[in-house]
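Report on one structure; see the data block that follows.
Throughout, protein chains are lettered first and strands after them, A, B, ... in sequence-line order, and every chain is numbered starting at 1.
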Amino acid sequence: MARGDAGFVEFARAASARLVHAAFLMTGDHHQAEDAAQTALVRTYASWSRIHDDDAYGYARRTLVNHLVDGWRRPMREYPTAEVPEQRRPDVADDVATRRWLISILRALSPRERAIVVLRYYFDLPEAQVARELSVSVGTVKSTSSRALEKLRSAAPRSADEEARR
Amino acid sequence: MNELERLRHAMRATERPDAVLDLDTVLREGRRLRTRRRVAGAGAATLAAGLATVVVVVAVGASGPTGRPPPAAVAPPAVGVSPMAEESLDLTPPPTMAGDVLSPKPLGQLVDSGVRHGVDRRVYYFVGVSVPGEPGVSIGLAAGRQAPDGSLTTDMLVNTVEGSDRSAGFHEIGYDESSSAAPAPTFGYFVGPATRIIGTVDGRQVDARLARWSSDKQVVIFWFDPGQLTPGERLDGIIARDGSGRRL
């Protein structure tokens, strides 16, 4: 394995879980999320000689988000909300409830809103950077973010009620 | 805990640290993609040859006085796919590309779209192209980025591959479907006295921004504000109107 390859493998091992999870938050589908993360890493590796000293994680994240956004421009736009996966930790009930709550509120958002929510609140990027990465204005990020949070607030009580009925 | 805090917590708490990807496949596919980029860069000049319909040509190299690093974000052909460009490419090919790629020289003045990618300006310009057996095709419209030092990076190039590149009406429309961090706003050109160009997407009308080509005032370069039409999103229709509102 070339020296650059070793560096990339180390990077990929460290970044995979977060990229997959971000993709899952944006798609609601584990298989699609793994495919998207893998695509992002393939493209990152293809450009590795140029970027590995730079912000490789940022490059992979941007590639992932753009790849998913490209996918949403195609006809299939639903949020499949995959099954709740098995949990290995002891607090299974809490994890399952949290995941259900998360899925239910993300399902209420449009693809663009989910992308903005994930970039803003999962990756903790500032609004200006979210705007750059999605090639939209800061105003669009602010307004979409605000709209998304409104939806979350309105969706949350219903979700809590649903949980209570389970 | 308010809703936002709960959301942040939930997004982090549901991470699966054991998520494992097949890194052997990643490395193998990454090498293939890298090879395709090299081939596409070296062969883009002749990519249009032999295709029977409109293509979006894979971008070629950088040009400019400062010898800026090689090209960025390219898009795949819309149709008439060449085997060299079967996949969406993104961002800059490896530095080894520098000696292989062409340097398309702008014909006439650059058109500044007003769109910025960091410090770079999104610009459009015509470049010379040659399509064997098609003497009526000599120009293609490029989307590129101009750095503050004046150097130019070509991202996409669209050109006619059959007939005349100056025939009246719409010509190719460039959709940037790459995964670039700086996608080119949808663009194209129209030949005729258009003063307004309107695209339709999802039942919504979007006005394009227009600029006449400095070398031929019959040629109208147009592009769509990325805030109104997401780069890569396909238009359902497009029309041009003259100064009196007549459809051309």
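Using a cutoff of 4.0 Å between basic side-chain nitrogens and carboxylate oxygens, A/Asp124 and B/Arg12 are scored as salt-bridged. Taking 4.0 Å as the cut-off between side-chain N and carboxylate O, B/Arg122 and B/Asp112 do not count as a salt-bridged pair.
Contacts of A/Leu149 with chain B are made by side-chain atoms alone, with heavy-atom separations under 4.5 Å and no backbone atom involved. Heavy atoms of B/Asp225 lying under 4.5 Å from chain A are absent altogether. Residue A/Val136 does not touch chain B at all, counting heavy-atom pairs closer than 4.5 Å.
Legend: residues meeting side chain to side chain contact (heavy atoms under 4.5 Å, CB included) with A/Ala40, ordered by chain and number and at least two apart, are A/Thr63, A/Leu64.
In this structure, B/Phe222 has its ring center closer than 6.0 angstrom to the ring center of B/Phe170.
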